[in-house]
Amino acid sequence: MTSPVWARRRAAAGRVWREFAANRGGLVGVVVLGLFVLTAILAPLLISESSLDVTRATGQRLESPSGDFPLGTDENGLSVLTLTLWGTRLSLVVGLAAAVLSVLIGTTVGILAGHFGGWLSAVLLRFTDFFLIMPSLVLAIALSAVLEGGAGTIILAIGVVSWPTSARLVRAQTLAVEARPYIERARALGGGHGHVIFKHVLPSVLPLVFVNTTLAVGTAIVAESTLRFLGLGSTSEITWGGLLRSASSSGAITYGAWWYLLPPGIAIVLLVLAFTLVGRALETVLNPKLRERR
Amino acid sequence: MTPVLELRDLRVTYAGGHEAVRGVDLTLRSGQTLGLAGESGCGKSSLAMSVLRLLPKDATVSGEILLDGADTRTMSWGRLRAVRWASASIVFQGAMHALNPVRRIGQQIAEPILLHATSPPDEVDARVAELLAQVELPPEKAQAYPHELSGGQKQRVMIAMALACRPRLVIADEPTTALDVIVQAQVLRLLTRLVSEHGIGLVMISHDLSVLGSVCERLAVMYEGEIVELGTAPTVVHDPQHAHTQALAAAFPTVGDPASRYAPATTNPAGLPPRVVPEAGEPLLRTESLRVDFRDRGGGWTHAVRDVNLEVGRGEIVALVGQSGSGKTTLARTVLGLQQPTSGQVLFEGRPLPRGGRALRDYRRQAQLVLQDPSSALNPRHSVYEAIAEGLRIHRMPGDERALVAAALEAAELRPAQRFMPVLPHQLSGGQRQRVVIAGALALRPRLLVADEPVASLDASVRGEILALLLRLRAELGLAALVITHDLGLAWNIADRVAVMYRGELVEVGDVEQVLLEPRHEYTRSLLAALPEVAAPA
């Protein structure tokens with residue numbers, strides 16, 4: 001039984017990929033994303049611990065780009081290129097983890113609100129509305145200030161703040177699926193809530209959730225950089241947002257040290273752009289509503 | 001005199017090489033009526049749309065389409081625009097969706113009049129009122145929005161729109177498909193009257209021969225893009241020559257015809273089972289003064305089901321008949337425990353229906369649901385195997401799952417079972433999908449099947465096969481069934497007893513012969529009177 005099922009799934013995946021590949025922007029996004037991931041994985045092999053240690057810095061303060069330091073140095077004399085490459089790791093991890101956390105909360109709340117309806121839905125939706133109207137940045141700052149600590153806190157702060165939009169989206173999709181007669185059939189067959197949610201609702205909202213996660217990663221990376229730039233989270237961790245903060249606090253701007261500001265800034269833009277391109281391309285392939293319109 | 005419509009060797013081919021219409025010749029003079037019958041996919045709608053060049057761009061049309069002697073196929077765009085609606089108009093299928101929901105009825109009827117300037121602007125309102133009067137609607141309805149009208153009223157508005165520019169030809173595409181028997185009869189009477197009063201040529205398309213036969217003088221039967229039979233309505237209906245026409249004619253039985261009692265049209269080699277007499281004694285299912293109320297938006301109450309006492313015996317097939325909105329479906333959902341009654345109770349084998357939890361789940365193994373539209377009753381992502389195993393997994397039925405699924409497919413006559421297991425619903429035909437739904441129900445070895453309009457969305461030839469399957473299942477497995485339908489012919493075909501529901505109440509319950517042949521309640525009589533009749537051949 002499994003072989004035809006798997007053959008069908010392989011065929012479906014192949015179809016999605018072909019449609020996706022027809023989207024030039026999405027393809028560019030995938031390539032850029034691949035390069036970033038590769039950098040993050042290979043960084044420990046290319047860069048030794050010593051080149052990140054302030055006490056063993058070899059360069060001068062804010063040295064301009066040269067053969068030794070292709071992107072110049074920071075205020076401690078460390079290579080900006082090395083720091084930026086190393087920063088990819090944490091930015092990527094925090095972005096992904098925060099997005100997954102946010103979509104996880106959003107999907108759970110959305111499906112519960114859509115499936116059960118009634119007072120539970122009313123309570124959950126008011127709860128969602130509450131988080132929706134909160135200025136998310138302020139809330140995230142407050143949270144990460146209270147919770148103290150490193151990357152974990154930042155992930156939590158972003159995740160807790162950004163789930164309401166996906167909750168709304170998933171709820172709408174859940175309602176649409178629940179109106180289909182096959183849900184009535186499943187209930188008449190004796191299926192309980194768990195059966196309906198896991199066998200029928202979840203599989204049909206998953207593509208939407210997947211698209212939403214991809215798009216949310218971009219937002220999460222920007223949020224992470226913002227929080228780091230504002231001085232939240234541990235200063236011992238190397239991230240792009242942290243680099244930007246050190247650049248501004250060390251007077252790199254007045255000094256005219258563009259090589260210190262641009263690399264982390266451009267890296268953020270590129271990574272967010274890559275995720276958005278991939279997300280949009282996936283959306284046109286997976287979102288049934290957009291697909292009909294094309 | 002030039003005919004209103006003349007088709008010469010009409011062919012319609014869609015991109016991808018599918019030939020929908022293959023060489024059709026037809027002639028229609030003014031004042032004549034022609035019925036075009038056939039199953040879904042036979043090309044009848046493609047033919048109708050080709051007349052006004054309304055086919056999608058990927059369709060290639062060849063041959064001649066002469067409308068009043070002028071070929072619409074080669075007409076200039078401006079000329080075609082003038083001809084559309086002014087010489088020939090269409091009553092589109094599905095009146096529910098063919099009206100703009102945000103504009104008043106009057107404006108929508110006036111639209112073609114203003115476009116074609118067939119009446120001076122200051123007389124448009126008067127013309128709209130006149131048209132509404134012709135379709136027997138009060139002139140105030142011009143101010144109404146589509147959602148304020150019933151299905152039958154919307155269909156009348158569509159007809160008024162079609163007549164707006166005094167066309168010489170009206171094409172009605174399935175004008176009564178979504179309507180009740182009683183409303184259908186009213187709309188058909190209206191069409192007949194208008195055609196004879198205005199001397200319009202009418203082409204009416206339907207899958208139901210008796211509907212066409214009651215309105216049209218001549219019938220053409222289409223099959224795979226060709227006209228296989230053409231003749232006067234009584235001859236085609238009562239003395240069909242082509243095998244396909246015979247199948248179509250047999251699919252809709254005449255109530256009262258002993259030949260079709262317990263004998264839906266089937267070509268299945270399994271044939272029809274011997275007649276089964278349901279066991280007497282304690283009924284399998286009983287409802288006791290069941291009431292179901294719904295709260296309206298306005299705050300009032302709708303009494304969907306009022307004081308219903310209904311019994312279904314073991315191995316008995318009961319047809320629940322009524323118009324849409326009579327509470328049939330609510331009653332069915334309550335019987336299955338999908339809807340809680342306001343008062344009264346449902347008894348299964350003498351025990352009240354459990355309200356929830358394990359006990360309700362166990363009950364649902366005993367009573368299974370078959371829905372109206374099989375294409376939406378199956379999850380499009382689940383294969384046939386998964387759809388049928390769904391119930392088995394929910395109830396953790398003992399035994400080898402694969403063997404049980406295979407047995408259920410066999411019982412629903414999907415053979416060979418292995419071939420159907422990995423297939424997805426969209427790869428199946430409508431009849432096969434309904435069989436999958438039935439197989440899914442059968443896998444749990446239920447005692448009672450509740451079927452909500454099980455054949456309403458299926459083609460005529462498939463209809464008989466599914467009904468015959470229900471009869472065989474009853475004979476072989478002792479399965480009782482509560483079949484909900486608006487189709488009295490279905491009740492005549494398979495049911496032992498019939499219950500007539502009207503505005504939430506059961507107005508008449510009894511043996512099929514008794515209720516349908518000697519109706520006592522007025523409503524039952526009006527239902528029977530509304531059945532379309534075809535005159536006997538001279």
Side-chain angles (χ1 to χ4, degrees), chain A residues 1-16 111 114-120 173-210 285-289 291-292 294, chain B residues 329 332-333 335-339 356-397 401-402 405 418 421-425 427 436-437 440-441 443-444 446 449-450 452:
Chain A
M1 193 58 222
T2 42
S3 60
V5 169
W6 281 107
R8 205 178 68 228
R9 289 191 182 144
R10 256 202 310 279
R15 207 161 44 241
V16 167
I111 287 186
H115 177 75
F116 288 100
W119 64 267
L120 182 71
Q173 182 70 13
T174 305
L175 288 178
V177 172
E178 295 249 347
R180 304 295 307 271
Y182 59 77
I183 301 290
E184 176 108 331
R185 172 176 177 268
R187 286 178 51 205
L189 280 172
H193 295 302
H195 176 83
V196 170
I197 289 178
F198 288 107
K199 288 281 170 194
H200 294 282
V201 177
L202 199 59
S204 60
V205 300
L206 268 185
L208 198 69
V209 167
F210 189 51
V285 178
L286 293 176
N287 190 334
K289 280 180 192 151
R291 194 166 41 190
E292 275 163 26
R294 276 193 310 160
Chain B
T329 299
R333 297 188 76 238
V335 160
L336 286 167
L338 292 168
Q339 169 73 45
R358 259 209 102 65
L360 180 63
R361 199 202 300 171
D362 287 342
Y363 165 68
R364 285 185 174 153
R365 202 177 70 68
Q366 310 271 330
Q368 280 298 316
L369 174 67
V370 173
L371 287 151
Q372 172 169 4
D373 181 7
S375 33
S376 55
L378 293 170
N379 190 331
R381 292 161 190 273
H382 289 185
S383 67
V384 168
Y385 181 91
E386 289 163 324
I388 294 170
E390 188 174 1
L392 296 171
R393 289 175 186 162
I394 290 170
H395 295 281
R396 300 201 179 83
M397 295 280 279
E401 187 182 273
R402 197 173 167 75
V405 170
Q418 307 301 327
M421 285 181 183
V423 169
L424 284 177
Q427 297 165 310
V436 172
V437 174
L444 296 172
L449 215 56
V450 177
D452 190 353

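The analysis underlying the following values was restricted to heavy atoms, covering all of them including side chains, and did not include hydrogens, waters or symmetry mates. All chains are named by letter (A, B, ...) in the order of the sequence lines, taking the proteins before the strands, and each is independently numbered beginning at 1.
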Check the surroundings of atom CZ in A:F210: do more than 12 heavy atoms from other residues, nucleotides or ligands lie under 6.0 Å from it? no
Non-neighbouring partners of B:Q372 that pass side-chain hydrogen bond (donor to acceptor under 3.5 Å, both in side chains), sequence neighbours left out: none
Honestly, the part of B:L424 sitting under 4.5 Å from a heavy atom of chain A is side chain
Might you point out which heavy atoms bring B:R381 and A:P207 nearest each other, and give the distance in Å? NH2-CG, 4.3 Å
In residues 186-194 of chain A, which residues are in contact with chain B at a heavy-atom separation under 4.5 Å? A:A186, A:R187, A:A188, A:L189, A:G190, A:G191
For B:R365, which atoms come within 4.5 Å of any heavy atom of chain A: side chain, backbone, both, or neither? neither
Check against side chain to side chain contact (heavy atoms under 4.5 Å, CB included), A:E184 and B:R333: CA-CA 10 Å; A:E184 176 108 331; B:R333 297 188 76 238; 2.8 Å; yes
Engaged part of B:A443 at the chain A interface, taking heavy atoms whose separation is under 4.5 Å: neither
Under a 4.5 Å cutoff for heavy-atom pairs, which residue among B:L338, B:N379, B:L360, B:D373 has the most contacts with chain A? B:N379
side-chain hydrogen bond (donor to acceptor under 3.5 Å, both in side chains) partners for A:R185, two or more places apart: B:E390
Can you tell which of B:G391, B:S376, B:A441 has the highest number of heavy-atom pairs within less than 4.5 Å of chain A? B:S376
Counterpart residues, side-chain hydrogen bond (donor to acceptor under 3.5 Å, both in side chains), relative to B:R393 (two or more places apart): B:E401
Decide if atom CZ of A:F198 counts as having more than 12 heavy atoms of other residues, nucleotides or ligands within a radius under 6.0 Å. no
For A:Y182 and B:A377, work out which heavy atoms get closest and say how close. CB-O, 3.2 Å
Heavy-atom cut-off 4.5 Å, strictly under: side chain, backbone, both or neither for B:L371 against chain A? side chain
For B:L378, is it the side chain, the backbone, both or neither that has a heavy atom under 4.5 Å from a heavy atom of chain A? both
Within the structure provided, determine whether B:H382 and A:H200 are in side-chain contact (heavy-atom separation under 4.5 Å). yes
